[in-house]
Structures are given as structure tokens and as C-alpha cells.
K.L.:
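First, the structure itself, so that you have it in front of you.
One-based numbering along the sequence shown.
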Amino acid sequence: MRILILGAGKMGSFFTDLLSFEHEVAVLEKDARRMRFIYNAVRMQSADEAAGFAPEMVVNCVTLNHTVDAFRTVLPHLAPGCIISDVASVKTGLHEFYASCGFPYVSTHPMFGPTFANLGNLASENTIIISEGDHLGKIFFKDLYGKLKLNIFEYTFEEHDRVVAFSLGIPFASTMVFAATMVHQDAPGTTFKRHMDIARGLLSEDDYLLTEIMFNPRTPIQIARIQDELAALQEIIRRRDTDAMKALLAGLRKKIE
């Protein structure tokens with residue numbers, strides 16, 4: 001299959017490496033410096049070059065705030081029937097765009113960051129495939145993610161954004177708060193060091209990725225839940241209420257069983 005990848009960032013480079021040995025791959029990236037490590041793929045800097053390549057599938061890996069614009073730039077140069085796809089971490093607005101674009105589409109979300117996950121062993125990682133979309137496109141990605149041994153889940157656009165707000169929004173926000181309150185520790189404990197490793201891993205991710213997750217319209221509701229739970233904990237601590245603390249801990253252990 002001829003596959004055009006939009007964007008040569010971390011995710012674009014990941015998909016290029018992943019696909020280029022079994023498919024004919026081209027990468028469209030305006031910044032030539034970002035393509036200096038791209039190999040075994042055609043390099044393009046202008047959307048009109050896509051017509052000559054005649055892709056059968058487009059994988060849009062640009063940041064969320066440019067996803068739709070990138071599609072609109074390349075769509076005039078695609079043949080009818082070309083499957084367009086995205087790997088955006090938040091799907092807000094994409095369902096509406098796909099419904100009006102006139103091309104078959106498939107939308108997925110690998111639930112791991114190329115800089116945070118062990119790309120050599122993804123068996124413990126998850127990915128989401130949006131249930132709406134082109135049947136053949138979904139089969140392609142199910143096969144691709146299956147070869148990586150990813151755990152595949154299928155959600156609607158709406159379900160996806162709710163899941164992401166909970167599963168990424170809460171830990172991201174909690175980790176950011178931990179980092180924001182950081183002071184130097186000469187002799188950090190084991191728990192502190194583990195939290196620090198998580199914070200370093202999170203903050204090594206691309207700023208746009210973190211922004212996309214936090215700006216998900218459903219994330220503020222989850223942050224409000226964090227604030228409510230912190231307020232309740234702070235009140236228990238203020239009262240030095242041992243019984244309330246025991247009840248809280250018992251409830252937490254039950255939740256994570």
C-alpha cells in the first residue's frame with residue numbers, strides 16, 4: 001500500500017519506521033530539518049507532491065491544533081477513495097470534519113507516547129480504534145496494532161474523549177501538581193523517587209501532546225474531581241480525624257482492587 005504520513009515529529013517518525021518496510025511510504029513535512037533522520041521513505045515538503053505519489057492511505061500525525069488544516073491542505077491532491085486517518089489524542093471536532101470531507105476515514109489513538117513507552121515491547125500498552133469509520137481502514141489498523149501486540153479497544157468518538165479525560169487527564173494533572181510543588185530532596189524515599197520518574201517521563205513528552213490532553217473539553221470535570229478529593233483529604237488532616245482517615249484509606253483500597 002502507498003501511505004502518506006503527515007508530519008515528521010515523534011509519532012510521525014514512529015509510524016514511518018513502523019510502516020516503511022512493508023509499504024511504500026512518503027512523509028510530508030514542511031520543516032526539512034525534521035526529516036533528516038527519515039529513511040526508507042519519500043520525503044516531501046509541499047502538498048502538491050502528494051498527487052504524484054498517489055497515496056491509498058494518509059496517516060495524519062501532526063499536532064491536534066493543526067490536524068484539520070493539514071487534512072485540508074492535502075485533500076485536493078488525493079484520489080477519490082483514499083483513506084484518511086488520524087492518531088490524535090483528542091477527537092473533538094474530527095467527527096464533524098470527517099462527516100463532511102467526502103473521503104473514507106479511520107481514526108485511532110495509540111495510548112502511549114514514543115518517548116515514554118518501551119517501543120520494543122508494547123504488549124502492556126493500549127490503543128483505541130474509533131468504531132465509526134471505514135471498515136477496511138479499521139481492519140488495516142487492527143492488523144497493524146495486533147502485530148505490535150497492543151491491547152485494542154473500540155470506542156465511538158464521544159466515548160473516546162470521555163475515556164481519555166479520565167485515563168490521561170487525571171494522572172497528567174496529578175503529576176503536574178506534584179512537579180509544581182517540587183523542592184529538592186537530599187534523601188528522597190522510594191515513593192518520592194517513583195513519582196519523580198513518572199514526572200520526568202511525562203514532562204519529556206511533547207508540549208502539544210500534553211496541551212491536547214489537558215484542553216480536552218472533558219478534562220476540567222476530572223480536575224474538579226481531584227480538587228474535591230483534595231479538599232476532603234485536607235479537611236480530614238486538619239481535624240486529625242483518625243477514623244475518617246481509616247475510612248478513606250479503606251475506600252481507596254477497595255477502588256483500586
K.L.:
Taking the six-membered ring where the residue is Trp, are the ring centres of Y145 and F153 under 6.0 Å apart?
P.N.:
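Centroid distance Y145-F153: not below 6.0 Å, so no.
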K.L.:
In a check of side chain to side chain contact (heavy atoms under 4.5 Å, CB included) between E132 and each of Y98, Y155, Y105, which one passes?
P.N.:
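The option that passes is Y105.
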K.L.:
Give a yes or no answer on whether the side chain of S85 reaches the backbone of V58 with a donor-acceptor pair at less than 3.5 Å.
P.N.:
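Looks like yes, one N/O pair under 3.5 Å.
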K.L.:
Apply salt bridge (Lys or Arg N to Asp or Glu O under 4.0 Å) to E235 and R238, showing your working.
P.N.:
CA-CA 5 Å; E235 178 61 18; R238 186 190 67 79; 2.6 Å; yes
K.L.:
Output yes when a side-chain donor or acceptor of R36 lies under 3.5 Å from a complementary backbone atom of R33, and no otherwise.
P.N.:
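Yes: the side chain of R36 pairs with the backbone of R33.
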K.L.:
Output, in order, the C-alpha distance, side-chain angles, deciding distance and verdict of salt bridge (Lys or Arg N to Asp or Glu O under 4.0 Å) for E205 and K10.
P.N.:
CA-CA 9 Å; E205 294 287 5; K10 293 174 182 176; 5.3 Å; no
K.L.:
State whether the side chain of T219 and the backbone N or O of F215 hold a donor-acceptor pair below 3.5 Å, judged by distance alone.
P.N.:
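It does not hold such a pair.
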K.L.:
Where do R225 and E229 land on the salt bridge (Lys or Arg N to Asp or Glu O under 4.0 Å) test, with the steps shown first?
P.N.:
CA-CA 6 Å; R225 292 180 60 206; E229 294 298 333; over 6 Å; no
K.L.:
So, the side chain of N40 versus the backbone of S20: is there a donor-acceptor pair under 3.5 Å, distance only?
P.N.:
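Flag set: sc N40 to bb S20 pair under 3.5 Å.
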K.L.:
Taking atom CZ of R240 as the centre, report whether more than 12 heavy atoms of other residues, nucleotides or ligands fall under 6.0 Å from it.
P.N.:
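It does not: R240 CZ has 12 such atoms or fewer within range.
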K.L.:
Can any side-chain N or O of K91 pair as donor or acceptor with the backbone N or O of D161 at less than 3.5 Å?
P.N.:
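It does not hold such a pair.
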K.L.:
So, does S13 use its side chain to make a donor-acceptor pair with the main chain of A8 at under 3.5 Å?
P.N.:
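Side chain of S13 to backbone of A8, a donor-acceptor pair under 3.5 Å: yes, one is there.
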K.L.:
Please answer: with hydrophobic residues joined when any side-chain heavy atoms are less than 4.5 Å apart, are M35 and Y39 in the same cluster?
P.N.:
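No.
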K.L.:
Do E257 and R253 pass the salt bridge (Lys or Arg N to Asp or Glu O under 4.0 Å) test, and can you show the C-alpha distance, the side-chain angles, and the key distance before you say yes or no?
P.N.:
CA-CA 6 Å; E257 285 178 354; R253 293 186 179 104; over 6 Å; no
K.L.:
Output yes when D143 and K147 qualify as a salt bridge under the 4.0 Å nitrogen-oxygen rule, no when they do not.
P.N.:
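A salt bridge is present here (some side-chain N lies under 4.0 Å from a carboxylate O).
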K.L.:
Inspect the surroundings of CZ in F166 and state if more than 12 heavy atoms from other residues, nucleotides or ligands are less than 6.0 Å away.
P.N.:
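For F166, atom CZ is not crowded (no more than 12 foreign heavy atoms under 6.0 Å).
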K.L.:
Give a yes or no answer on whether the side chain of E154 reaches the backbone of I129 with a donor-acceptor pair at less than 3.5 Å.
P.N.:
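Checked: no pair found.
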K.L.:
Under a single-linkage definition using a 4.5 Å side-chain heavy-atom cutoff for Ile, Leu, Val, Met, Phe, Trp and Tyr, are V177 and L210 assigned to the same hydrophobic cluster?
P.N.:
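Shared cluster, no.
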K.L.:
Hey, does the side chain of Q222 reach the backbone of R218 with a donor-acceptor pair shorter than 3.5 angstrom?
P.N.:
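No, Q222 side chain to R218 backbone: no donor-acceptor pair under 3.5 Å.
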K.L.:
Picking from T175, L168, I170, what satisfies side chain to side chain contact (heavy atoms under 4.5 Å, CB included) with F172?
P.N.:
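Between F172 and the candidates, side chain to side chain contact (heavy atoms under 4.5 Å, CB included) is satisfied uniquely by L168.
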K.L.:
Is there a donor-acceptor contact under 3.5 Å from the side chain of T156 to the main chain of E159?
P.N.:
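Present.
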K.L.:
Examine distances only and state if a side-chain atom of E212 and a backbone atom of L64 form a donor-acceptor pair shorter than 3.5 Å.
P.N.:
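Pair found, side chain donor or acceptor close to backbone of L64.
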K.L.:
Please name the pair of heavy atoms, one in V62 and one in N60, separated by the smallest distance, quoted to 0.1 Å.
P.N.:
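Closest pair (atom of V62, atom of N60, distance): CG2-OD1, 3.0 Å.
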